[in-house]
Amino acid sequence: MEVKNAAAGTLESGDILIQIAPAQQAGLHIDLDSTVAYQFGAQIKKVITETLTGLGLENADVKATDKGALDCTIRARATAAFVRATGKDVWAD
Amino acid sequence: MFVPGNNPGMMQDAFIYGPDSIMLDLEDSVTMAEKDTARLLVHNALKTIDYGKTEMVVRINPLSTPYGKKDVEAVVKAGVHVIRMPKTETAEEVKELEQEIIKIETELGCVGRTQIMAAIESTLGVINAYAIATASKRMMGIALGAEDYCANLKAQRTSGDSPNFGMELLMARQTIVTAARAAGIDALDTVFSNLNDMDTFKREVEMIKAMGFDGKSIINPRQIEVVNEVFAPKEKDIQKALTILAAIKEAEQRGSGVIAVNGKMVDRPVVIRAQRTIDLAIASGIINKEDI
């Protein structure tokens, strides 16, 4: 799957900015910066990973800057960044 | 209450303030560059966040834009209660939206689930108000969008200190309420955007209530209390309505069609108004349905 640099989201409270770039090494690498990383870091990474692998993205470098987003917002932003990075139509499925 | 569809913080907090209805907006409050991300945000929020008994509405982009049909698909798949159609001018536009909804609902196996609210925002829309209101069985309400309407009318919005306050919208408001009543659906008034002028806002809410509207669109939680206060029936009106409904129930049991309460004849329109007062009192949380 061809991946180009793309981002979705904002740095406003309750949101998350997800940036996707072509993988430097094989696999999905998530670099998370979150105000609630201590409590929810593992959960945030899990939601991003599940969303992107569920869409078929196996190799990418992901930078996530979280400002207290709910899981549904993380899923929406990860999906939007994926669509922008790959040009795939997520509504077709 | 309007909530921008690209602001997750507001979307997750909106129901805390207790609006009757939350309208997630994909149209004017979202820039062209963010239409795709807002659509995904709204879809995921509707599927995930527990909004309780709040009616969930999404204002989509017009079907004539590249975004409209994608919006319909996203929100119907997420189980939205009502789709608000912007800038509605003809019954055919409502029917076109209905066909899009049916297409998605058929895929999902839930035909008939999604209702439609049409926003009337032009002179042609006002002229066609009744045709729009009756264009589909899914129609639950028509709403006035005053800014676009006034631009189209070539009229200026009047301010609260003008002796002509509200005159530019008089015909549109009366037409929309009359069309909604004739169609048996709700009439909803336009937003009031000056949050620093709560006195004029209250005057406007009192005016549109007197005109027969069922409610008012709002843009900020601060406006909820004023609308609820104006629309909530007063104690003496509730007591009078309860007396009328009790008397009519007793008359029905006796097989009598006409009654008098406190020396005044009670006929059908009086009973309908009494029932509406009680419905509003229940909706406002002043009385419980079980207590009647």
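Chain letters run A, B, ... following the sequence lines, proteins first and then strands; every chain starts at 1.
Of the two parts of B:N6, only the backbone, made up of N, CA, C and O, holds a non-hydrogen atom closer than 4.5 Å to a non-hydrogen atom of chain A.
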> Does the pair B:M11 and A:T73 meet the rule for a side chain to side chain contact (heavy atoms under 4.5 Å, CB included), with working shown?
Replying inline: CA-CA 10 Å; B:M11 285 162 65; A:T73 302; over 6 Å; no
> Under the side chain to side chain contact (heavy atoms under 4.5 Å, CB included) criterion, do B:I49 and A:L70 qualify, and how do the steps go?
Replying inline: CA-CA 9 Å; B:I49 297 173; A:L70 296 181; 4.2 Å; yes
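Taking each heavy atom of B:Q12 and A:G14 in turn, the nearest pair found is OE1-O, 4.0 Å.
Here the options are B:L41, B:L40, B:D36, the test is side-chain contact (heavy atoms from CB on, under 4.5 Å), and the partner is A:T79; only B:L40 passes. The side-chain contact (heavy atoms from CB on, under 4.5 Å) with B:P8 is formed by just one residue from the set A:T10, A:I16, A:D15; it is A:D15.
Open room surrounds CE on B:M10; 12 or fewer heavy atoms of other groups in view lie less than 6.0 Å from it. In this structure, A:Q39 places its CD atom where more than 12 heavy-atom neighbours from other residues, nucleotides or ligands lie under 6.0 Å away. Enclosure of atom OH in B:Y67 by more than 12 non-hydrogen atoms of other residues, nucleotides or ligands within 6.0 angstrom is indicated. Applying the 6.0 Å contact sphere to NZ of A:K63 captures more than 12 heavy atoms from other residues, nucleotides or ligands. With a 6.0 Å radius and a threshold of 12 heavy atoms from other residues, nucleotides or ligands, B:E225 has its CD atom at or below the threshold.
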